[in-house]
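Here the structure comes first, spelled out in structure tokens, and everything after it is commentary.
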Amino acid sequence: MRRPVIAGNWKMHKFIADSVATALALKPLVANANHCEVVIAPVFTAIKSVADRLEGSNIRVAGQDCAPEQKHGAHTGEVAADMLRDAGASYVIVGHSERRQFYAETDSMVNRKVQAAIAAELTPIVCVGETLAQRDAGLAERVVKGQIDGGLRELTVSDLERIIIAYEPVWAIGTGRTATPEQAQQMHAFVRRIVAEKFGEEASQRLRILYGGSVKPENIAGLMAQPDIDGALVGGASLEAETFAKIVNYNAT
Ligand code: 13P
């Protein structure tokens, strides 16, 4: 059985005080969510404060990015994976489409970041997904396969155990236009197939694949009902504790 993961990506939102307040508001609302891992990803500056206040709770903290370099040194502006761990994070989002689009992140950088995260004992949440133009051109599968081949290059089966993949179609991010559960399932099954070819069937069956792109309390249950959807990476709807808690508690009656 794959344990679902519901992760909130706060992107570049919230000062420290608001980050802590949201995390503290979330804590009791998801305290009984034993069916899944609950993760929030605040901005770098708020990670330590949020992680300290969540100690002993069932909510884990993620960074939104990390440096590709593992060795500390002259890399102005970068934050090493083990520094995130030092601040209290246990996950890190890597290769988000906003980083690929606006900060020229390549598959080989994503690959180095994944390796850095694993070396720091963080769980990387590796994001893949096609743009609308790529989907319309019939290239969705080819694009996603390229991102997986490049992003997971030279990883071992035991590395794969430490990884989560998030399929986030770019056309569904922040647009209110979610992939239908069937569209998402189709791509998730495809991702699992590629991973099986690379790492073997058994490892691929253990891999958690999250869906991201306009996930809301109204559509989470339909997505989670799909056999290859193992959780969600939530942007806008994770910024408010009550709304995010409804997504986490998608199975509540
Ligand atoms: P939205 O949920 O706001 O569409 O964002 C999705 C996302 O990019 C999560 O990483």
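For this chain, numbers begin at 1 and follow the sequence in order. In each ligand, atom 1 is the first atom listed, and ligand 1 is the first ligand listed. As the structure is a computational prediction, the values presented were derived from the model and not from experiment.
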- Message: Once salt bridge (charged side-chain N to carboxylate O under 4.0 Å, His left out) is applied, do any residues pair with Glu69, and if so which ones, sequence neighbours excluded?
- Response: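 Expected list: Arg112.
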### Message
Does this structure show an ion pair linking Glu197 with Arg193, if we count only N-O contacts that are shorter than 4.0 Å?
### Response
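Result for this pair is no, no salt bridge flagged.
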I'd like to check the side chain to side chain donor-acceptor pair (under 3.5 Å) partners of Asn58; sequence neighbours left out, ordered by chain and number.
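Residues passing side chain to side chain donor-acceptor pair (under 3.5 Å) with Asn58: none at all.
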Point to revise | Over 12 foreign heavy atoms within 6.0 Å of CZ, Arg2 | key: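 Atom CZ in Arg2 is crowded, with more than 12 foreign heavy atoms closer than 6.0 Å.
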Between ligand 1 and the protein, tabulate every N or O atom pair separated by less than 3.5 Å, reporting distance only.
from     : atom 1 : to     : atom 2 : distance (Å)
ligand 1 : 2 (O)  : Ser214 : N      : 3.4
ligand 1 : 2 (O)  : Gly235 : N      : 2.9
ligand 1 : 3 (O)  : Gly236 : N      : 2.8
ligand 1 : 4 (O)  : Gly174 : N      : 2.6
ligand 1 : 4 (O)  : Ser214 : N      : 2.8
ligand 1 : 5 (O)  : Lys11  : NZ     : 3.3
ligand 1 : 8 (O)  : Lys11  : NZ     : 2.8
ligand 1 : 8 (O)  : His96  : NE2    : 2.8
ligand 1 : 10 (O) : Asn9   : ND2    : 3.0
ligand 1 : 10 (O) : His96  : NE2    : 2.9
ligand 1 : 10 (O) : Glu168 : OE1    : 3.2
ligand 1 : 10 (O) : Glu168 : OE2    : 2.9

Only one of Lys145, Arg135, Arg100 forms a salt bridge (Lys or Arg N to Asp or Glu O under 4.0 Å) with Glu130, so which one is it?
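Single salt bridge (Lys or Arg N to Asp or Glu O under 4.0 Å) partner of Glu130 among Lys145, Arg135, Arg100: Arg135.
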*Summary of ring pair (Phe, Tyr, Trp, His ring centres under 6.0 Å) pairs that have at least one residue in residues 18-71, sequence neighbours excluded*: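 For residues 18-71: His35-Tyr250.
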